[in-house]
There are 2 protein chains.
Amino acid sequence: MALKEELGLKKDFASPAHEALLSIYYTASIMKKRADDFFGKFGLTDVQFNLMNLLYYESGKEGGLSQAQISDMMLVNRANITSLVDRMEKAELVTRTAHANDRRYNIIKLTSKGRNLYTKVEPHYLEQVKKVMSPLDAAELKRITGMLEKVRRTLQV
Amino acid sequence: MALKEELGLKKDFASPAHEALLSIYYTASIMKKRADDFFGKFGLTDVQFNLMNLLYYESGKEGGLSQAQISDMMLVNRANITSLVDRMEKAELVTRTAHANDRRYNIIKLTSKGRNLYTKVEPHYLEQVKKVMSPLDAAELKRITGMLEKVRRTLQV
DNA sequence: AAATAATAGTTTATATATTAACTATACACA
DNA sequence: TGTGTATAGTTAATATATAAACTATTATTT
């Protein structure tokens with residue numbers, strides 16, 4: 001949900017802050033659609049790719065991540081990880097095994113199929129991102145992320 | 001889905017462009033949670049509030065909007081509007097009536113209950129937005145929205 | 001050690017989002 | 001005028017998101 005028209009049509013209604021909020025929503029919404037189109041070509045969603053990315057880079061020495069860790073890292077509710085892992089387990093992209101010492105935890109790891117798919121998709125993704133972003137110079141990007149970081153801190157997260 | 005950790009931990013992996021994308025995702029995700037918390041106090045979701053806002057400001061002279069218009073304005077799929085209007089019709093916030101001349105169209109209007117709720121919530125919302133955003137000066141906000149606008153154009157939307 | 005807390009994960013109900021296939025209606029043009 | 005096409009909305013299947021209530025396990029505290 002993005003409310004495109006608000007950005008242009010409601011100058012008398014929208015405060016600058018409100019405008020900025022809608023603008024961020026709108027941009028994120030468009031990017032999500034683009035990402036889903038892209039990852040769909042590989043039978044993935046953007047969320048599934050991002051979990052694979054996490055598992056690939058953050059679970060040191062094949063140690064895997066617990067669902068709670070994934071939930072924290074992706075900033076989504078625990079309940080959400082259950083169904084996400086269900087789907088990816090069914091697609092044989094990840095495994096879910098009980099932790100040896102603490103049986104409350106499930107340890108999620110990439111399968112070799114998952115790892116192969118990730119290493120196949122990642123370079124295309126990075127290339128795509130670079131292509132989309134290349135017209136913007138690096139300084140401007142730094143400024144955007146820096147300011148968003150500031151907005152985030154203002155929102156006390 | 002926001003991948004908080006990527007922003008800090010994967011400098012070697014994330015290109016500046018990739019970083020910027022994740023940053024926008026992350027910020028939008030946090031804002032959506034905040035908005036939902038806020039609107040939840042009034043029995044609304046952020047999406048429902050935004051539809052009410054559209055109907056309140058954009059449907060001139062009580063003319064209402066068709067579902068296709070709403071779909072275009074909110075940048076979401078047509079199918080989504082069906083269920084959104086279903087829920088809001090059930091809550092007696094909007095009505096759905098057939099267009100007199102072209103029976104393909106449904107015309108969606110705020111009920112008096114919907115209008116009353118909207119005018120009750122809006123000032124609180126604007127106050128809240130102002131409060132959250134006040135630490136940032138207007139110039140910075142202008143720059144953020146201006147740059148996001150540029151990103152959007154680069155994405156050819 | 002037993003009672004209580006906290007933590008991890010699941011389930012259920014709900015809201016939002018997509019695409020694809022469908023119906024109904026209106027338009028267009030040959 | 002009739003047929004093909006375009007448009008509006010719905011439905012179904014699927015993916016993601018939340019909160020709340022639940023089970024199982026571990027930690028703490030007396």
Side-chain angles (χ1 to χ4, degrees), chain A residues 1-3 25-26 28-41 43-51 64-91 93 96-108, chain B residues 1-3 25-26 28-41 43-51 64-91 93 96-108:
Chain A
M1 183 275 307
L3 278 183
Y25 260 152
Y26 176 43
S29 160
I30 289 160
M31 287 181 348
K32 183 169 172 49
K33 285 186 186 73
R34 295 263 165 148
D36 267 332
D37 286 348
F38 174 79
F39 292 120
K41 292 187 292 190
L44 293 172
T45 65
D46 65 333
V47 175
Q48 288 173 14
F49 177 81
N50 279 324
L51 176 51
L65 294 172
S66 74
Q67 297 185 194
Q69 285 176 307
I70 293 168
S71 166
D72 285 348
M73 285 171 156
M74 296 179 84
L75 294 182
V76 297
N77 192 281
R78 295 193 328 273
N80 211 4
I81 306 301
T82 297
S83 56
L84 176 60
V85 170
D86 283 349
R87 285 187 292 273
M88 293 179 73
E89 203 180 20
K90 194 178 288 177
L93 299 172
R96 175 198 251 138
T97 51
H99 189 285
N101 301 333
D102 190 333
R103 287 195 294 172
R104 288 174 301 185
Y105 290 82
N106 290 336
I107 301 303
I108 313 302
Chain B
M1 185 277 304
L3 280 182
Y25 260 152
Y26 177 43
S29 159
I30 289 161
M31 288 181 346
K32 184 169 171 48
K33 284 186 187 73
R34 294 262 165 150
D36 266 332
D37 286 348
F38 174 78
F39 292 119
K41 292 186 293 190
L44 293 172
T45 66
D46 64 333
V47 175
Q48 289 173 13
F49 177 80
N50 279 324
L51 175 51
L65 296 172
S66 74
Q67 296 185 194
Q69 286 176 306
I70 293 169
S71 166
D72 286 347
M73 286 170 154
M74 295 179 85
L75 293 181
V76 296
N77 193 279
R78 296 193 327 275
N80 210 8
I81 307 301
T82 297
S83 56
L84 176 59
V85 170
D86 283 350
R87 285 186 292 274
M88 292 179 74
E89 203 180 20
K90 192 177 289 177
L93 298 172
R96 173 197 253 139
T97 51
H99 188 285
N101 301 334
D102 190 334
R103 288 193 294 169
R104 287 175 302 183
Y105 291 81
N106 290 337
I107 302 302
I108 313 303

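These numbers come from the heavy atoms of this one structure, side chains and all, not from hydrogens, waters or symmetry mates. A note on names: the letters A, B, ... follow the listed sequences, proteins ahead of strands, and every chain is numbered from 1.
Summary of the strand contacts: A:Lys33 and A:Tyr105 both lie near DNA chain C, and taking for each the nucleotide with the nearest heavy atom, the more 5' one is attributed to A:Tyr105.
As rounded to whole Å, 14 Å separates atom C1' of C:dT7 from atom CD1 of A:Ile107. The separation between A:Arg104 atom CZ and C:dA8 atom C1' is 7 Å, rounded to whole Å. For the pair A:Asn101 CG and C:dA8 C1', the computed distance is 15 Å after rounding to whole Å. Per the geometry, NZ belonging to A:Lys32 stands 11 Å off P belonging to C:dA17, to the nearest Å. Between the CG atom of B:Leu44 and the P atom of C:dT14 there is a distance of 17 Å, given to the nearest Å.
Here CD1 of A:Ile81 is found 12.0 Å from CG of A:Asn106. Values are rounded to the nearest 0.5 Å.
Dashed line: the shortest gap from a side-chain N or O of A:Gln67 to OP1 or OP2 of C:dT10 is under 4.0 Å.
Aromatic ring pairs are classed by plane angle as parallel below 30°, tilted from 30° to 60° and perpendicular above 60°; the pair A:Phe39 and A:Phe49 is parallel.
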Point to revise | Steps toward side-chain hydrogen bond (donor to acceptor under 3.5 Å, both in side chains) verdict (A:Tyr25, B:Asp46) | key: CA-CA 12 Å; A:Tyr25 260 152; B:Asp46 64 333; 3.2 Å; yes
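For the segment residues 76-90 of chain A, the set of residues with a heavy atom within less than 4.0 Å of an atom of DNA chain C comprises A:Arg78, A:Ala79, A:Thr82, in numerical order.
Between A:Leu51 and A:Met73 the shortest side-chain heavy-atom distance does not fall below 4.5 Å.
When DNA chain D is scanned in the 5' to 3' direction for atoms under 4.0 Å from non-hydrogen atoms of chain A, the outermost contacting nucleotides are D:dA15 to D:dT26.
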